[in-house]
Amino acid sequence: MNEKNTPLLQQTGIVCILALICTALWGSAFPCVKIGYNLFQIGSSDSASQLLFAGIRFFGAGILALLFGSVGQRHILKPKKSSLHKIIILSLFQTAIQYTLFYISLAHTTGVKGSILQGTSVLFSLLIVCLLFRTERLTLPKTVGCIIGFAGIVLVNFNGGMNMEFHFIGEGFMVLSTLSGSFSAVFLKQFSKDENPVMLSGCQFLLGGAVLAVIGFSCGGRLDGFSPASVLLLLYMAFISAAAYSLWGILLKHNPVSRVTVFGFTIQIFGVIFSALFLRENDSFGWQTILALALVCIGIYLVNRKESA
């Protein structure tokens with residue numbers, strides 16, 4: 001199909017720009033989470049307070065997504081009765097299950113292993129949509145592109161201190177967390193055929209955020225250190241989730257899952273770049289990051305080359 005006759009949200013350049021905006025926002029969350037833990041006085045092993053913090057953030061994201069979506073659509077976005085089961089499924093896989101497992105895992109594995117295992121989300125999404133839902137074909141360019149992109153994630157997190165030990169509560173939970181998020185992307189694609197993706201995003205964040213907050217508070221989680229700076233940071237993090245996930249859902253509505261999710265490999269790259277800028281973690285930015293970015297770009301090109309042919 002001629003690119004000029006292709007709908008706007010399916011044009012390669014537009015998909016690339018919008019997807020990179022999403023992943024840049026998600027990448028900026030890496031230093032924001034660390035800064036937030038410091039401002040709210042949350043310890044690195046205080047999983048309950050971390051869940052409470054995440055729950056409040058995602059609940060706020062739900063409010064912002066529905067607010068912005070309602071203004072953009074010029075009517076109040078609200079779910080129909082037929083949409084409720086879809087919202088529950090999304091909130092479980094995208095927010096409640098994924099982040100509960102994620103924070104438990106972080107207390108039992110290293111940051112390097114966690115980052116690499118998170119990079120498997122694109123591979124999982126490809127396998128789920130091609131082999132389980134069978135809505136796309138598992139082509140050689142897609143497979144090679146995802147493998148090359150994943151190699152970039154491994155490279156950007158590479159250090160000599162990584163070992164091959166595996167603990168189910170640590171690395172196992174991280175894999176399950178990533179798998180849950182991958183299912184969420186596929187479900188969002190399926191549900192968006194008949195539903196407004198912004199409405200789905202906002203409602204699932206409201207429900208999932210509430211669940212996380214209740215779990216965190218019930219387990220003894222507390223937040224201290226409220227100040228203008230910490231509140232502004234929390235609002236920005238809510239905006240990250242609201243804007244990025246809603247825009248991601250719009251892209252998934254109009255494009256194959258593999259074409260969009262392959263850009264997820266750039267989240268880790270952006271995370272390293274923003275951490276170097278805002279946390280002064282300059283040691284994490286070097287030749288590995290540049291080479292990793294090149295590999296990720298090659299992977300994205302291979303996946304999208306077939307789709308745009």
Side-chain angles (χ1 to χ4, degrees), residues 21-69 87 90-107 111 114 118 121 174 177-178 180-181 184-185 188 198-249 264 267 270-271 274-275 278-279:
I21 289 174
C22 293
T23 57
L25 286 170
W26 279 322
S28 72
F30 283 86
C32 285
V33 168
K34 291 185 178 181
I35 294 171
Y37 287 170
N38 181 54
L39 291 176
F40 286 102
Q41 302 173 28
I42 300 174
S44 59
S45 60
D46 188 358
S47 298
S49 296
Q50 291 169 2
L51 284 176
L52 177 60
F53 177 70
I56 294 174
R57 168 196 172 186
F58 292 132
F59 190 84
I63 294 175
L64 290 180
L66 292 175
L67 178 61
F68 294 152
I87 293 169
L90 283 176
S91 67
L92 285 175
F93 282 91
Q94 170 61 28
T95 306
I97 295 176
Q98 180 179 192
Y99 284 97
T100 298
L101 292 173
F102 175 78
Y103 285 116
I104 294 174
S105 170
L106 281 184
Q118 277 189 296
S121 62
M174 184 61 74
S177 170
T178 303
S180 179
S184 170
L188 183 58
V198 179
M199 182 278 294
L200 289 175
S201 300
C203 290
Q204 76 86 11
F205 273 133
L206 280 177
L207 180 57
V211 170
L212 287 181
V214 169
I215 292 175
F217 187 82
S218 300
C219 293
R222 299 293 183 270
L223 296 184
D224 297 312
F226 278 94
S227 67
S230 61
V231 172
L232 283 175
L233 179 71
L234 191 57
L235 287 173
Y236 173 69
M237 295 186 68
F239 168 77
I240 289 174
S241 298
Y245 191 69
S246 296
L247 184 55
W248 199 254
I267 295 175
F270 280 121
F274 285 125
S275 293
F278 297 110
L279 299 178

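Excluded from the calculations below are hydrogen atoms, water molecules and symmetry mates; all remaining heavy atoms, backbone and side chain alike, are included.
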Atom of Leu207, atom of Ser91 and distance for their closest heavy-atom approach: CD2-OG, 3.2 Å
message: Using every non-hydrogen atom in the two residues, find where Gly221 and Leu52 come nearest and quote the distance to one decimal.
response: O-CD2, 3.4 Å
- request: Give, for atom CG of Leu64 and atom CG of Leu206, the distance between the pair rounded to the nearest 0.5 Å.
  value: 10.0 Å
message: Using ring centroids (six-membered ring only for Trp), state whether Phe30 and Phe274 fall under 6.0 Å.
response: no
- request: Search all heavy atoms of Gly220 against all heavy atoms of Ala48 and return the closest pair with its distance.
  value: C-CB, 4.2 Å
- request: Would you tell me whether Thr95 and Tyr245 have side-chain atoms, one donor and one acceptor, within less than 3.5 Å of each other?
  value: no
query: What heavy-atom pair brings Val198 and Gly69 nearest, and what distance separates the two atoms?
result: CG1-CA, 3.9 Å
- line: On a heavy-atom basis, the closest approach of Ser180 and Gln98 is OG-N, 3.8 Å
statement: Taken to the nearest 0.5 Å, the spacing of Phe58 CZ from Ile240 CD1 works out to 10.0 Å
Minimum-distance pair of heavy atoms, taken over all atoms of Ala242 and Ala65: CB-N, 3.8 Å
- prompt: What class does the angle between the rings of Phe40 and Phe226 fall in, given that below 30° is parallel, 30 to 60° is tilted and above 60° is perpendicular?
  reply: perpendicular
message: Tell me if the CZ atom of Phe217 is crowded by more than 12 foreign heavy atoms within 6.0 Å.
response: no
query: For the atom pair CZ (Arg57) and CZ (Phe205), what is the distance rounded to the nearest 0.5 Å?
result: 7.5 Å
- line: Taken to the nearest 0.5 Å, the spacing of Leu188 CG from Phe93 CZ works out to 13.5 Å
CG-CD distance between Leu223 and Gln50, expressed to the nearest 0.5 angstrom: 10.5 Å
- prompt: What distance do Asp46 atom CG and Arg222 atom CZ have between them, rounded to the nearest 0.5 Å?
  reply: 10.0 Å
